[in-house]
Amino acid sequence: MSDSTNTKKEIPAQYDPSQVEDKWYQYWMDNNYFHSTPDEREPFTVVIPPPNVTGVLHMGHMLNNTIQDVLVRKARMQGYNACWVPGTDHASIATEAKVVRKLREKGVTKKDLTRDEFMEHAWEWTHEHGGIILEQLKKLGASCDWDRTTFTMDEKYSESVIDTFIDLFNKGKIYRGARMINWDPAAKTALSDEEVIHKEVNSKLYHVRYKIVDSDEYVTIATTRPETILGDTAVCINPDDERYTHLHGKKAIVPLVNREIPIILDDYVDMEFGTGCLKVTPAHDLNDYDLGQRHNLETINMMNADGTVSEEGELYIGMDRFDVRKQISKDLDEAGNLVEVEDYKNKVGYSERTDAVIEPRLSLQWWVAMKELSEPALENVMNDNIQFHPEKFKNTYRHWMENVRDWCISRQLWWGHRIPAYYYGEGDDDFVVAKTLKEAVKAAKEKSGNKKLTAGDLKQEEDVLDTWFSSWLWPISVFDGFYKKDEVDYYYPTNDLVTAPEIMFFWVARMIIAGYEYRGELPFKNVYYTGIVRDKQGRKMSKSLGNSPDPLELISQYGADGIRMGMLFATPAGNDLPFDSKLCEQGSKFSNKIWNAFRFLSMNMEEDVEYNPTTEIDSENLVDRWMMSRIHQTIKEVEEDFQNYKLNDALKKVYSLIWDDFCDWYIELAKPANYGDKFDNERLNVALGMFEQLMKLLHPFMPFISEEIWQHIDERSSEEALCISDWPEFDDSKINTEDVTLFESMQGMISALRNIRSEMGVSPKKDIEVLIKTSNAQKIEENEWILRKLQVLKSLFIATDLKKPKACASALVGNDEIYVQMFDLVDVDKEIERIQKEIQRVEGFLKGVNGKLNNSNFVDNAPEAVVQNERNKKRDGEANLEKLKEQLKDFQ
RNA sequence: GCGUCCUUAGCUCAGUUGGUUAGAGCGUUGCAUUGACAUUGCAGAGGUCACUAGUUCGAAUCUAGUAGGACGCACCA
């Protein structure tokens, strides 16, 4: 980049991400840094959890993709062949709903269109809206391999979905069967159990009495759904219930419709609940269905697909179920059958997508038999072949897996992968499954024995597959892994999957199942579950609540780096993230801090001089050795945090290294002795070398500003971008613990002096006379320039032993004593107060220590090292107490 | 109902196998400030680690129970 030779005048005092972020993203793209092809390096693969193709970026995506980008960028710098595959899924229900709504606005209903015509509209919609979300991810800095962008309805991908269906069908793992399913009357489709959300609601329990045939007696049942009375085909009582013994074998009359139904006996009925009398509606309740099966009851399907009452219901035909509920309550009351209406709390199933109340409905659907398929998926999570982060989600996963039920995969929709089944007759079994119509004809001829069948006699299944039936192949199919081996063998298994715990069953579990079924191994090694992004009140951020900030708005306000920081700061793995834009502000302030740190160094750079940033430090300089030690300590700690997926801890350490260690101490101490003096070049080269290391550590978290600074520090070719540079290698020999300890004690001394000034009201500019009594006098003396640089001193006297001056303020730093001559400045009362406070603290401390040491149980039982540690504490504490008391004496 | 997890400073969270008088960031209070940065610097205040009982020489940490909260699963109409 040509503008990397800035001098002082060209660098603004405030960092402006909008000037920087798009520029570098474009540069990375132009240089193809994110593109991966198999080579001799070890791969690091991440597949994106595909967002809905017509969706827009929300805060959950921001969090999720920031985390993925951090992992991928770090891996790329570490020399892995990093490959992050982006893409979208077709979101059958959601997308179809949107298309239907759009058509309705134009006055067209789905019924007016043929399947092909509808699909054209759906594709149009997809092309119009699809990919918006991916463009938004670029704003966030996501380093995806965009050449690999995949859509679950791509031709090759679709083929793999269909082939998988056929394969599982042929293996007997997919079957067609009539079952009680979850019906979404809004989307007019069946749903899997996972797509139903049970919510507790305030409803009513209607007590309704049914007349007994040939008797004046009534039985009273209780129901929350009185409209289903229309479908009642029995009343059930517990055979042991003595209250109803006399009704055995009798019949009851359904109110309003006046249908005679049997009174059946089944110990399923809880005698304690309600009246102990249950109405049975086999077509509209799972348990009733089972009862119906056991007792050979008639089933009356009294509800249409859209939730209105059907012809079979006899009354209220065409009315919506909830209107019927109100009306039938009135009518029952008028007819004298409504005994009581009671307030009642129960749980009702809602559609995850449309939020419509689910109706249990008997219907013929396609199913995946899950029991056997899921065995390896359970085992390999429990034994940690696949690791969950945080681990606690293993419990949830196990519970689901151990109780896994068959998966309803057919959806009564058009947008999606059409089930490759072809019917040649009216019987439930008169179908074949085949990839093409031609093959279907052949198969149908064989199965039916009818050699005269032609394509015209076959009718393909109208239903499509559950979207998750395609997404579960994602880690394989994005590499075209069902048809070609070169890429999938290289990239699969992928490394990390970053996703929300909400879709553990929908997607994660099923990908694992598919992985073992089709690759014979795990689809990913680690699953990082993110938290849910919540607002300050703890509510989940959602479009419907309108409590979610617009991510792009936030990016333009704080910069992508700022948002990434804000999100990461608040998110330990698996914990919810109470989002506060304050955190983003903190992120953007950090950007500005970094910017100004560089700006300061750059102001000391001269235009015509060539600088060579170096990690070869001045071995004579304690501050250099300390800073280098800190960098390497941090490299080590950050690596450990990454191993444990504690990204926020890693980030905090890098943050503190840059802000606290580098800006507040290193740069301050690197400044030339006098204002206005320029850095000498060596100093500057070392500082820039340090800065480079810091930018490397920062890059995964804040890719934009780190690249910007990196490119400012030196002129770089396209092979030298930070994005593709080497991750700093940990070098234990760069850590000098002695130096760190020494420097920290000097930091402590400076802090103590600042503290004394602050409490005594002495200006930082006032030169003071300082005496330091320390066992480490020689080392401190050698480095006394550090003290002089950060404190304005009139005099400084350092010795292993010295006579404490009268009238002074004092402080203890470890075992070292610091005295500040105060003369006329001294506020005796304040200093006495200070010392007394300190004495109190030490005495309290010693009390605890002595309590332990005087306890023979402790001394006898605790490990020697622990006891010794207490003895040391006692020794140091008593010595300090002695010193403090002497100091106090001087004032009395 | 069953299961899992959580409760630490005003807020959001750290706290490794029990062993410094419990830490960080934000917020708050005070002070400072002409040249890297007020998007700043320095310093201070702030906690009965939800509660109770145990185990232990020693508990934020282990055990049991209580209260409150979150999530998952299954539901009785």
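These values consider heavy atoms only, across backbone and side chains, with no hydrogens, waters or symmetry-generated copies. No experiment lies behind these values; they were computed from the predicted model shown. Throughout, protein chains are lettered first and strands after them, A, B, ... in sequence-line order, and every chain is numbered starting at 1.
Relative to the side chain of Arg754(A), the nucleotides A43(B), C73(B), A77(B) differ in distance, and A43(B) lies closest. Residue Ser751(A) places its side chain closer to A43(B) than to any other of C37(B), C5(B), A43(B). Which of G41(B), A77(B), A74(B) sits closest to the side chain of Lys593(A) comes down to G41(B). Checking A36(B), C13(B), G41(B) against the side-chain heavy atoms of Trp659(A) singles out G41(B) as nearest. If you check C5(B), A43(B), A36(B) against the side chain of Lys392(A), the one that comes closest is C5(B).
Among the atoms of the strands shown, base atoms are found under 4.0 Å from some heavy atom of Val269(A). Among the protein residues, Cys236(A) comes within range of no part of the nucleic acid, since none of its heavy atoms lies under 4.0 Å from any strand. Within the nucleic acid shown, Gly848(A) has no heavy atom closer than 4.0 Å to any nucleic acid atom. At the heavy-atom level, Val348(A) lies nowhere under 4.0 Å from the strands shown. Residue Arg398(A) is classed as having no contact, given no heavy-atom separation below 4.0 Å to the nucleic acid. Within 4.0 Å of Asn403(A), counting heavy atoms only, lies no atom of the nucleic acid at all.
Aromatic ring pairs are classed by plane angle as parallel below 30°, tilted from 30° to 60° and perpendicular above 60°; the pair Phe691(A) and Phe598(A) is perpendicular. Using cut-offs of 30° and 60° on the angle between ring planes, the pair Trp659(A) and Tyr655(A) is tilted. In this structure, Trp595(A) and Tyr15(A) have tilted ring planes: the angle between them lies in the 30° to 60° band.
Here the closest non-hydrogen pair linking Asp232(A) and Ile261(A) is O-CG2, 3.7 Å. The two residues Asp641(A) and Ala650(A) come nearest to each other via the heavy atoms OD2-N, 3.4 Å. Summarising the geometry of Val20(A) relative to Phe704(A), their closest heavy-atom pair is CG1-O, 4.2 Å, with the distance given to 0.1 Å.
As rounded to whole Å, 19 Å separates atom P of U4(B) from atom OH of Tyr397(A). For the pair Ile197(A) CD1 and C73(B) C1', the computed distance is 14 Å after rounding to whole Å. Computed from coordinates, the Ile263(A) CD1 to A77(B) P distance equals 22 Å when rounded to whole Å. One can place CG of Asp288(A) at 13 Å from P of C75(B), the figure rounded to the nearest angstrom. Counting to the nearest Å, the P atom of G35(B) and the CD1 atom of Ile11(A) are 17 Å from each other. In this entry the distance linking CD1 of Ile594(A) with C1' of C37(B) reads 12 Å, nearest Å.
Side-chain to base pairing of Glu668(A) with A36(B): one donor and one acceptor N or O lie within less than 3.5 Å of each other.
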Starting from the C-alpha separation in whole Å, work towards a yes-or-no answer on side chain to side chain contact (heavy atoms under 4.5 Å, CB included) for Ile532(A) and Glu502(A).
CA-CA 9 Å; Ile532(A) 294 165; Glu502(A) 303 162 0; 3.7 Å; yes
Would you sort out whether Thr634(A) and Glu637(A) count as a side chain to side chain donor-acceptor pair (under 3.5 Å), showing the intermediate values?
CA-CA 5 Å; Thr634(A) 306; Glu637(A) 289 166 6; 4.9 Å; no
List the steps, then state whether side chain to side chain contact (heavy atoms under 4.5 Å, CB included) holds for Lys371(A) with Arg405(A).
CA-CA 7 Å; Lys371(A) 193 75 199 145; Arg405(A) 294 184 297 171; over 6 Å; no
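Take the nearest nucleotide of RNA chain B for Leu286(A) and for Gln14(A): the residue whose nucleotide is more 5' is Gln14(A). The 5' end of RNA chain B is approached more closely, in terms of each residue's nearest nucleotide, by Glu194(A) than by the other of Glu194(A) and Lys345(A).
Residues passing the side-chain hydrogen bond (donor to acceptor under 3.5 Å, both in side chains) test with Asn592(A): none are found, sequence neighbours excluded. Qualifying side-chain hydrogen bond (donor to acceptor under 3.5 Å, both in side chains) partners for Ser656(A), counting only residues two or more places apart in sequence or in other chains: Asp660(A). Applying the side-chain contact (heavy atoms from CB on, under 4.5 Å) criterion to Arg875(A), with sequence neighbours excluded, gives Asn872(A). For Tyr268(A), the side-chain hydrogen bond (donor to acceptor under 3.5 Å, both in side chains) partners are Asn287(A), not counting sequence neighbours. Every residue two or more places apart in sequence or in another chain that forms a side-chain contact (heavy atoms from CB on, under 4.5 Å) with Pro360(A) is listed here: Met180(A), Arg225(A).
Under the 6.0 Å cut-off for aromatic ring centres, Tyr397(A) and Phe393(A) do not qualify, their centroids lying 6.0 Å or more apart. Ring centers of His389(A) and Tyr529(A): at least 6.0 Å apart, outside the cut-off.
Non-hydrogen atoms lying under 4.0 Å from RNA chain B are contributed by Val866(A), Lys873(A), all within residues 866-874 of chain A. Listed by residue number, the members of residues 220-231 of chain A with any heavy atom below 4.0 angstrom from RNA chain B are Ala222(A), Thr223(A), Thr224(A).
Pairing for U16(B) is absent, judged as Watson-Crick or G-U wobble with the two contacts each under 3.5 Å. G1(B) and C73(B) make up a base pair, with Watson-Crick or G-U wobble contacts both under 3.5 Å. Pairing of G47(B), defined by two Watson-Crick or G-U wobble distances under 3.5 Å, is not identified with any nucleotide. Under the Watson-Crick or G-U wobble criterion, with both distances below 3.5 Å, A53(B) is paired with U63(B). Pairing for A32(B) is with U40(B), a Watson-Crick or G-U wobble pair whose two hydrogen-bonding atom distances lie under 3.5 Å.
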Distances for protein N or O near nucleotides 25-27 of chain B N or O, under 3.5 Å:
{"unit_1": "G25(B)", "atom_1": "O2'", "unit_2": "Gln586(A)", "atom_2": "OE1", "d": "3.4"}
{"unit_1": "G25(B)", "atom_1": "O2'", "unit_2": "Gln586(A)", "atom_2": "NE2", "d": "3.0"}

Report all interatomic pairs (protein N or O, nucleotide N or O of nucleotides 67-72 of chain B) with separations under 3.5 Å.
none

Below 3.5 Å is the cut-off: list the nitrogen or oxygen pairs between protein and nucleotides 54-63 of chain B, distance only.
{"unit_1": "C57(B)", "atom_1": "O2'", "unit_2": "Asn855(A)", "atom_2": "ND2", "d": "2.9"}

Please tabulate, one pair per line, each protein N/O and nucleotide N/O from nucleotides 6-9 of chain B that are separated by under 3.5 Å, including the distance.
none

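Screening residues 556-567 of chain A for side-chain hydrogen bond (donor to acceptor under 3.5 Å, both in side chains) gives Asp69(A)-Arg564(A) as the qualifying pairs, with residues at least two apart or on separate chains.
No side-chain donor from either of Asn202(A) and Asp343(A) sits under 3.5 Å from a side-chain acceptor of the other.
With rounding to the nearest 0.5 Å, the separation of CD1 in Ile705(A) from CD in Glu708(A) is 7.5 Å.
Phosphate contact (OP1/OP2 of A77(B), side-chain N/O of Lys347(A), threshold under 4.0 Å): absent. For Tyr344(A), a side-chain nitrogen or oxygen approaches OP1 or OP2 of A77(B) to under 4.0 Å. OP1 and OP2 of A36(B) both lie 4.0 Å or more from every side-chain N or O belonging to Asn604(A).
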